[in-house]
Every structure is written in structure tokens, then in C-alpha cells.
Amino acid sequence: MATITPALETHDHSHADGHGHHEQTFIQKYVFSTDHKVIGIQFLITTVLMLMVGGALALAVRWQLAFPWESMPVIGKVFGLFHGEGGQISPEFYTMLFTMHASVMIFLVIIPILAGAFGNFLIPLQIGADDMAFPVLNMLSYWFMWPAMFCFAVSFVASGPTAGPGNGWTSYPVLSDLATASPSSGAAQTWWLFGLTLVGVSSMMGSVNYMTTIINMRAPGMTLFRMPLTIWSMFITAILQSFALPVLTAAGFMLVFDRLSQLLPTTIHSVFFVPAGIIVNNAAPTVGGGQPLLWQHLFWFYSHPAVYIMLLPAMGMVSDMLACMSRKPVFGYKPMVYSMAAIAGLGFIVWGHHMFTSGMNPALGMTFMTSTMMIALPSAIKVFNWIGTIWDGNIQFNAVFLNCAAFVALFIVGGLSGIFMAAVPVDIYFHDTYFIVAHFHYVLFGATLFGVFAGIQFWFPKMFGRLMNDKVAKVHFVLTFIGMNGTFFPMHLLGIAGMPRRYADPYLHGYLEHLLPMNQFMTISAIIMGFAQFLLLGNFFLSIFYGKKAGRNPWNANGLEWSAPSPPGHGNFDVPPVCYRGPYEYSSPEAEALGQDFILQTTAPPAGVKRTAVHH
Amino acid sequence: MKKFWALFFWFWPLVAILVCAVAPSRGWWFPSAPLSTLGHQIDGLFYLILIIVTVTFVGTQAALGYALWKGATKGSTQKAWFSHGSHKLEIIWTIVPAFILVFISLTQLDVLAEIRVISKFPDSVRNAPVAEVMARQFEWRIRYPKPGQQLMNVPQPGDLYFVNEVHVPAAIPTMINLRTQDVQHAFFVPRLRVKQDAVPGLIIPVWFEIEKAGEYELLCAELCGWGHYKMKARIIADSPKGVSEYLTRLEQEQNEDGVAEVDASKEQ
């Protein structure tokens, strides 16, 4: 390393105070910080902790499915609930468990960990900027997560501790609209909607910032097609987010108005989603001319692109990591970019596949089916290119690589199971069964979370200047991988067997009774997987203080971020970087000329050598 | 250890395939063969996709495992293959999957039209629903027209009512009108491969042809509140004659006031 960047190396020991910035108080530096790295790490720690909350809710769901109506551990002892029932939870509590599991995992873990944590931390570092375009807006995007989390927390208890929001994360009206419709449709539902809206505000602030930063603040020489795929994925995600989110926010407000009009009938009159003549729980028939399908269209117009918001950044990050750990360029860089763009574009016209059984016009169903099938194409191209990237590489079998390989392996399963549900007639059978639960867990857990696990370990040295323990990370990988497959693979079979989702007690139905042992096996797998995450937490927090010290570039990677000190000081780089080549020139002749198998994007070509676009 | 990881990524798809292979014999498969005409077509499409998907799954996982194996057995002195990709390969693996996906998509259209497009419904059922199934938290209310009458959307005097049991004729196409009184529900009959949401404010016709007389579970497949899991009902398919006898019996029971019978016994 010293041979390539001697000028940078000399600064390494003095990075913390080497930038001539004014003194900052502790609060400015670590709490209300405008530094993108601090904000990224704040997002990361918050979301990793939320991952444990969401996981605990999932384990409670699994408990009920394996041991229906038996005394649930923890719930009674720690929270003091259901003592009168001997620890046996109520069915509405079960609906709360899966609703909040999904809400926490989607809105407080997956979306903010990808865009918030990795987006914030990596975008300026990888494009060679000193910070985001709008640092204060960036700070606000993190701090708006807190009112969101507050609203979600209040929603747990707003209608009493046993009646949290329980209408699914999709919250379909009329169930979520009329307060009389279920025990969990009261104040809890309103608070849940407020929380959702605030998460949206946070995401929107982030997205605007990412787009502006990526367009305007790239280092000299960092052309669009020299950007790492992580940056491409964050850019595309930000565009998706900013075009889709307003629709959800609007729909959320419409639903809030519908709900408030029941509380304040003299001031607010709206019935966007409630048709006339509906009699809920023997209440008086409703008046008005709303349409419940409108919510489904608006909700999925956001939430289907949101699925890609929850996946694309992980795809970008994994491409970066696979190239580095295989010591090879990404196979087909441009096809990778175009296929991400295609996923994003098609992502806007496939929302109707969530509504194949909803009674929407069948002609629409045919259109949505074809567009949904076609979105499998860019996904397939990406898989082939990932395998091509690994092919004949000099593979480093560390935990980062293993998690990335698991990403590819499990994404294949999630992608292929999607084809069944894209086909409308087949989906008619699988809709709202465990098949769909298997499908989206393979994508969101199997792909995205494994990508995140890899990403945490890969960029950890840049965040904290130390490495995470690779052995512990490998044990975490194996346990999580086995637990994950043991939990979610059998769900495909449950779906084929016709077990509907969101059932507190499926065994009430004779044809599902024999599936109990399988569900018990799945719950045991889930418990193993859940407890394995303590290895991640332990490894993460202990390595901050006791990990092996890492230099600037512990992985011998090429990106601009690896030319900055670890951790980078305020302002990131010692000198404003200049980019000379693409990010994936591993094992290139140019690198070999230097006697190594990588070449930093900042390494200037030897004098007299013309800058060649070796890249594409 | 490197080889271990390569084998690890070869091993788990094998386990997955094995589990799927033994699944039907363990009862981890469809609750029964499809028992409706549309069900056969749906299952046919399912198996078509299953074959394509299995081949792809095995192929891609084997390739991934092989790429890992190649990396694991590579000597430390050998260098990685420096390549930015191949245009030819990109074109091949764009066009081939595109054709397969369009093919899958096209095979679905006819069946979808038969299931959902009203003008493609069998003529005998198109305007002749045998019953109205009204979902409600947490039960199914069935309304039949008075024997000999047509079912109207507005309840008529003489209509017959029953809960959680739908009697329909077997071996001929049948249509019901699906509605909900309160929130959204879904009409799900696993053995017939029938599913349709009941949407507040809409009347949705659903048709099927049950092949054999018998009882079929009916459940709710759209979250409708705390009691979602217990909307347990059944569809009873019988010969047309059996159904009309049932309806006659139902009419008698419904019109039974209990008074006449007591008077008659006194007169004797």
C-alpha cells in the first residue's frame, strides 16, 4: 500500500484532528451530528437493535404456531400479560404479533438499514465527497425515525396492551378503517399510521439527499459508469423511493382522515375507503361511497417498489463484495446497472400482482402478470452475472464472502418461487398461504439480510478502524443459514398444503392438523436462528473496542472509501480524491504491474500512460 | 476448509430437493388432487412451472457450487481470471429466460380468462347464481332463492338462509355470488383450488365445477380480524336432485312455526 499512496499514508496517525475543523461538543459530534458517517452508524445501531425487537415478535408468532394456545414464555413473566388466561395469548394479540413483526422489520429495520445506514455511510465515501449535499437534512432524516418509533411504541399500548395494531402491515380497509371492526382497529391503528407516515418523511429526506449528492458531488473522474454498483443501487433506490412514497403518504392521510371522521364527525367528513351499507359488529350501516380497493392500489403502488427498495441496495453491495472477495471484476458491469434500472422501472407497473384475487378487472390481471413475469428477467441476469463474478476467481472464503454467496443462493429460491405467484391461476391457489410467506422471507431475509450481514462485516473496519472477528462471524453465518432454511423452506410446503397465513390456529381445520410437527420443527429452527443473532451483536459491539486494528484498506479493495483513513475524520479524505478508473479492476494488468491484485480508483496511472477506459 | 464451504453450498440444495421429493408421500403437498375442472388446469400449470423452476434451481445452484469449488481448489499462486464479462453470454442469458418467461405467461392466459372473465363463464351459469355467500365476522351466511325463483341481489321474501354450509350441485358448473357484510374476506376452498376475495361494496360472481359429490372445506383467506382463523365452513356438493331436496327441507324448516304441529296432535 505504501508503494502506491505514500502521500496519504503519512497522514494516517493524525486523521482525527487533521482537517482544521472547529471544535465540536460531544452532542454535536455524536448525537445531533451532521456528519454522514455518524448518522450512518446511528442508523446502523438503531436498526440492528430493532432487528432484535422484530425477531422477538417473530419468535412469539412461531411459538403460537408450534404450541397453539399454550402458555407463551416471557409475555406473562416480563410484560405481565395474560395472567388470567394462564399465559395463553388471545387471537387479537396474535394478529398484533405478526402485524408488528412485519412493520418493525420493514419500516424500522430493512429500509433504514439499507438506505439509512449503508446509504449514508457509503455514498459520500464511495463517490469521493466530503459529506452529503444537505447535512442538516440528513441529520433530520435520522431524528425523524425517533418520533416514528415513538408512534409505533405508543400503538402497542394505545388501545390497551393486549390490542396493538393487528390489521397486518398492509392494513386493508374496511378492517383498518372502522374503529368498531376489531379490537385492534382503535387508537392503535391511528398511531400505527402516524408512525408509518413519519418513517416516510425520514426516507424522503434521505432520498432527496442521496440523489442530489450522487448527481452533484462525485469526485473528479468519477463518471457515472465508474461508480461502484452500491452507488448505482442507492441512486436507483432513492429515485424509486421519492416517486413512490408520496402515494403512500397520501393514502395514509386519507385513511387517517377516514378514521378521524369517526371521532370528530362534525369537523371531518371523509369515507375514502368505506362503501355504503357496511354493517360492522352490528353497528349502524355506513353511509358514503368509498372503495376499499382504492387503498390496495395506492398501498401497493408504494409497497411494491418498496420491495425493491428493500433489495436493490443489498444487490449493489453484494456485487461490490463479491468482486473484492473473488479478486475479479464484476462480470457484466453495465448489464448489472441496466438490470437494476429495469427492476426499478418494471417495479412501478407490477403492483397489481398483490391483487390477483381482489376482484379487480381480470384484463388488468393479465397485464400485471406479464409485467411481473418480465421482472424476473433482470433478476435472472443479475444472478448469472454474480455467478460469473465468482467464476474462476481467487476466492477469499471469509464470512463476508460466505454471506454474499448465501445471498445469491437464497435469492435464487426467492426469485424462482415468485414465478409461481406471478402466474395468476396458480397464484389463485397460493395467494395468502404460507407459500407467499416463504417467498418474501427468502428475498428479504435470505437475500437482503445476508447481504446486510456481509456488508456490516465488510465496512466495519471503515466505520470503526477495527475488524470484526471472522471465526465468530462464520459461526453466526452457519447457524443463521441453517436456521433460516429450516424455518422458511418448509413454508413452501405449508403453502402447497393450503395453510393460510395470519391464522392464530390453523389446526382448527382438519386438513391442516398433520402439519403441526412440521411447524414445531420450523419454530425450533427459528429459535436457533434468533439466538444466533446475539453472536452478531456481541461480535459487533465487542469488535468496536477489542477488534483487530485495520489499516485503511484491510480487504485490498479498490473503492475510494478505502483510500480514506479508517475511520475517516470529519471531511473524509486527506486530500480531495481523483478517480482514474472503474471500481472493479482486480487482477488487472495495471494492478499486476504494481505487483498486487488490486488497484485503487485513486491510484494515478504512471506518468506518460494515457488514461485508458479499460473498463467496459 | 475451503472445500467444506463449496460442499456446503452444494449440499443444501440437495437437501431441499430431497425434502420436496418426499413431501407428497409425507402429506406435505396439496391436500388432495384437484376436485374441480379448473383445479386440474391450475395444477397442470403449477407442475409446468415446477419443472421449469426445478431445472433452473438445480442448474444455478450447481453452477454456484461449482464456481465455489473451482475457487476452493485453485492454487494460491494461480491468479484470478481477469474478465469484465461477455457480450455473447449476456445476450444468451437475456434472450433465453425472456422466452421462457413469456411462454409461461402466455400459457396462463386462457385459464385465467376461464376463471375470471364473465363472458367466458359457461353459459349455463353466467346469469344463474345458485346462492349468495355473504361473509361476515366470523362466519359465512348463505342465501338461496326460494325454490323455483331466481336469486336477486336484494333479499326477497321467501329466500332461504343457512350458516357455514353451502349446498351446490356436483358434476355441473355452478356459480355463487360472493359478498361481504362488513370487512374484506376471501372465499378459499383448497381442494377445489378456488379463491376469491369478498370486497365490501362489490358482488363478485365465482364459478366452479365440482367433479364429485362430497364435502369440501371452506375457509377465509384474507385477514378479517381476530377471529380470521375460525371462519370454518364447508361446501357440500350433491346431485342436483339432492340439492333441491335439501332446499325443500330447508324451506320447510324455515317456514315451520311449530304451531300447526301441536294443534294437529290435539285434534287427534
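Chain identifiers are assigned alphabetically (A, B, ...) following the order of the sequence lines, protein sequences preceding nucleic acid strands; residue numbering begins at 1 within each chain.
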Next on the checklist: Salt bridge or not between A:Asp392 and B:Lys74? Use side-chain N to carboxylate O under 4.0 Å.
Outcome noted: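 Salt bridge present between A:Asp392 and B:Lys74.
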Item to check | Residues A:Glu592, B:Lys79: salt bridge by 4.0 Å N-O rule | outcome: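 Here A:Glu592 pairs with B:Lys79 in a salt bridge, since their nearest N and O are under 4.0 Å apart.
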Between [options], who has the most heavy-atom pairs with chain A when the cutoff is under 4.5 Å?
options	value
B:Leu68, B:Ile52, B:Leu202	B:Leu68
B:Ala198, B:Ser105, B:Gly201	B:Ser105
B:His228, B:Arg193, B:Arg191	B:His228
B:Ser86, B:Cys224, B:Pro190, B:Gly225	B:Pro190

Measure distances from [X] to the heavy atoms of chain B and classify the residue's part below 4.5 Å as side chain, backbone, both or neither.
X	answer
A:Pro173	backbone
A:Tyr338	neither
A:Ser326	backbone
A:Pro506	neither
A:Asn282	side chain
A:Ala406	both
A:Asp597	neither
A:His431	both
A:Thr370	both
A:Phe477	side chain

Item to check | Verdict with supporting geometry, B:Phe46 and A:Phe430, ring pair (Phe, Tyr, Trp, His ring centres under 6.0 Å) | outcome: CA-CA 10 Å; B:Phe46 168 79; A:Phe430 285 133; 5.6 Å; yes
Shorter than 4.5 Å, heavy atoms on both sides: which option in [options] has the most such pairs with chain B?
options	result
A:Leu512, A:Leu515, A:Val413, A:Val408	A:Val413
A:Arg327, A:Met518, A:Gln291, A:Met499	A:Met518
A:Val280, A:Leu178, A:Asn385	A:Asn385
A:Ala504, A:Ala380, A:Ser182	A:Ala504
A:Ala409, A:Gly277, A:Gly498, A:Gly365	A:Ala409
A:Thr95, A:Val174, A:Ile278	A:Ile278

For [X] and [Y], work out which heavy atoms get closest and say how close.
X	Y	result
A:Ala423	B:Ile49	CB-CD1, 3.6 Å
A:Phe397	B:Lys2	CD1-CG, 3.5 Å
A:Val426	B:Gln108	CG2-OE1, 4.1 Å
A:Trp391	B:Ala63	CZ3-O, 3.7 Å
B:Phe82	A:Tyr586	CD1-O, 3.2 Å

Please look at [X] and chain A and tell me whether the side chain, the backbone, both or neither of the residue comes under 4.5 angstrom of a heavy atom of that chain.
X	result
B:Glu90	side chain
B:Leu89	side chain
B:Glu217	side chain
B:Ala186	neither
B:Leu223	both
B:Glu114	neither

Checklist entry - Which is it for B:His84 and A:Tyr333 under the side-chain contact (heavy atoms from CB on, under 4.5 Å) test, yes or no, and what are the steps along the way? => result CA-CA 7 Å; B:His84 285 100; A:Tyr333 171 90; over 6 Å; no
Item to check | Residues A:Phe93, B:Trp226; criterion ring pair (Phe, Tyr, Trp, His ring centres under 6.0 Å); working and verdict | outcome: CA-CA 8 Å; A:Phe93 192 76; B:Trp226 66 269; over 10 Å; no
Checklist entry - How long is the span from the CG atom in B:Leu218 to the NE2 atom in A:His509, to the nearest 0.5 Å? => result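 Rounded to the nearest 0.5 Å, the CG-NE2 separation comes to 9.5 Å.
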Checklist entry - Between A:Tyr503 and B:Tyr229, how do the two ring planes meet: parallel, tilted or perpendicular, split at 30° and 60°? => result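 Rings of A:Tyr503 and B:Tyr229: perpendicular, over 60°.
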Is the shortest side-chain heavy-atom distance between [X] and [Y] below 4.5 Å?
X	Y	result
A:Asp432	B:Glu222	yes
A:Phe481	B:Phe8	yes
A:Phe384	B:Ile92	no

Item to check | Donor-acceptor under 3.5 Å (B:Gln137 side chain, A:Asn281 main chain) | outcome: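 Judged by distance alone, no pair lies under 3.5 Å.
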Checklist entry - Between B:Arg116 and A:Ile428, does a side-chain contact (heavy atoms from CB on, under 4.5 Å) hold up when you go through it step by step? => result CA-CA 11 Å; B:Arg116 284 289 148 75; A:Ile428 286 178; 3.7 Å; yes
Next on the checklist: With side-chain contact (heavy atoms from CB on, under 4.5 Å) as the criterion, how do B:Ile104 and A:Phe420 come out once you've worked through the C-alpha distance, each side chain's angles and the decisive distance to 0.1 Å?
Outcome noted: CA-CA 10 Å; B:Ile104 296 178; A:Phe420 291 97; over 6 Å; no
Next on the checklist: If you apply the rule side-chain hydrogen bond (donor to acceptor under 3.5 Å, both in side chains), what do you find for B:Asp197 with A:Ser358, and how did you get there?
Outcome noted: CA-CA 5 Å; B:Asp197 289 7; A:Ser358 72; 5.4 Å; no
